[in-house]
Amino acid sequence: MKKKLLSVVLAVAMVATLLTGCGAKKEAAAGAAGGDLADKKVGVCIYQFSDNFMTLFRGELENYLISLGFSKENITIADGANDQATQSGQIDNFIAEGVDVLIINPVNSSSAETITDKVIGANIPLVYINREPDAAEEKRWEDNGWNVTYVGCDARQSGTMQGEMIVDLGLEKVDLNGDGKVQYIMVEGDPENVDAQYRTEFSVKALTDAGFEVECLVDQVGNWQQAEAQQIVANALGQYGNDIEVVFCNNDSMALGALQAIEAAGRTVGKDIYLTGVDALSEALENVIAGKMTGTVFNDHFSQSHSAADAAVRFIKGESNEYYIGCDYVKVTTENAQEVLDSVK
Ligand code: BGC
């Protein structure tokens, strides 16, 4: 009797073990098939928290990851403080912690090779965002079939749109001093960043492609920062005064700084000077609506952060991604600024 009971107990225990075993396997399988993301760990590295655009990006990225089923405590976002050594240490920590995927906005795109080797060496899939590694680096991912991708927009498009909004005004309106040329100043972001390089090149190219003659009066690096841009534009206005017809800024933070300098110099956008930025920060959109900026370009942080999170999920599920995942910019002028503002709020 006792023996029988024991064997029944054992049998029940065995079945229970088997069931747990099966259950565990099933759960793992479900996770791998995209079921349960709640226990997956995501490490996110942002080049600098104080960057206005990346603040919008990381907020949306976190919200969207949570909406996909990740739990907030398993999403860790690190501030690289614009220092590659700091960020590399954070990547080491994420690797040691054993995160399931890394999303990285590198401080220096040129460090991508080292970062990729480290992360892939630890068998962790990697999604780069916002600062595109160079073509040779992207080719390495493809050649080796690594789980690495880049999500971002083609900055040539944003530069072209900035130039087009000046072209659309017509030479007569823009050529305020009537010398047949467009005198402009360029305020660049971080020169190592392809977004800065392309926006600088393609904004002016849109003018020359349209047959405008151009003259660059000042081209300086404002590092994406409002205060630096304000200083650059204040100095340029001091030196060249009314000869400056157009101010191109590689992003809106710098355009906001430029606007402060323009107003302080007693100039009026739309009347005796033109000003464009990129990003469609709310404050910039309000300025476009009020006529204080000629235009901006919507840098779609919703689409980019969602695509990055979706790519991360695909990697976690054991699926692959394209090596480049793009998104479109949207030109913003007085005509659609309100609409864009409503959609980003
Ligand atoms: C944005 C900038 C931002 C930079 C950071 C660019 O795409 O337009 O505002 O500072 O990314 O890398």
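Just so you know, ligand 1 is whichever comes first in the structure, and atom 1 is the first atom listed for that ligand.
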(request) Enumerate the atoms of ligand 1 whose separation from the nearest heavy atom of Asn299 is less than 4.0 angstrom. (result) 1 (C), 7 (O), 8 (O)
(request) Flag Asn105 as yes when one of its N or O atoms lies below 3.5 Å from any N or O atom of ligand 1, and as no otherwise. (result) no
(request) Report yes or no: is the cationic atom of Arg199 (NZ for Lys, CZ for Arg) under 6.0 Å from the centre of the six-membered ring of Phe248, at an angle within 45° of the ring normal? (result) no
(message) Can you confirm whether Glu97 is buried at CD, in the sense that more than 12 heavy atoms of other residues, nucleotides or ligands lie under 6.0 Å from that atom?
(response) yes
(message) Under 6.0 Å between ring centres: does that hold for Trp141 and Tyr128?
(response) yes
(request) Please name the residue in the list Asp51, Asp195, Asp190 that meets the salt bridge (Lys or Arg N to Asp or Glu O under 4.0 Å) test with Arg131. (result) Asp190
(message) I need the nearest protein heavy-atom contact for atom 4 (C) of ligand 1: residue, atom name and distance, please.
(response) Trp224 CE2, 3.8 Å
(request) Using atom types as modelled and distance alone, determine if a side-chain donor or acceptor of Asp100 lies under 3.5 Å from a backbone N or O of Lys41. (result) yes
(message) Below 4.0 Å from ligand 1: does a non-hydrogen atom of Arg199 turn up there or not?
(response) yes
(request) Note the single closest protein heavy atom to atom 10 (O) of ligand 1, along with its residue, its atom name and the distance in Å. (result) Asp51 OD2, 2.5 Å
(request) Answer yes when Asp117 and Arg140 have at least one side-chain N-carboxylate O distance shorter than 4.0 Å, and no when they do not. (result) yes
(message) Going by the closest heavy atom to atom 12 (O) of ligand 1, which one wins out of Asn130, Val278, Asn52?
(response) Asn130
(message) My understanding is that we take every heavy atom of each candidate and find the minimum distance to atom 7 (O) of ligand 1. Doing that for Asp195, Asp279, Val297, which one comes out nearest?
(response) Asp195
(request) Would you check whether Asn251 has a nitrogen or oxygen atom less than 3.5 angstrom from a nitrogen or oxygen atom of ligand 1? (result) yes
(message) Classify the ring geometry of His306 against Tyr64: parallel below 30°, tilted from 30° to 60°, perpendicular beyond 60°.
(response) parallel
(message) Closer than 4.0 Å to some heavy atom of Asn193 - which atoms of ligand 1 meet that?
(response) 12 (O)
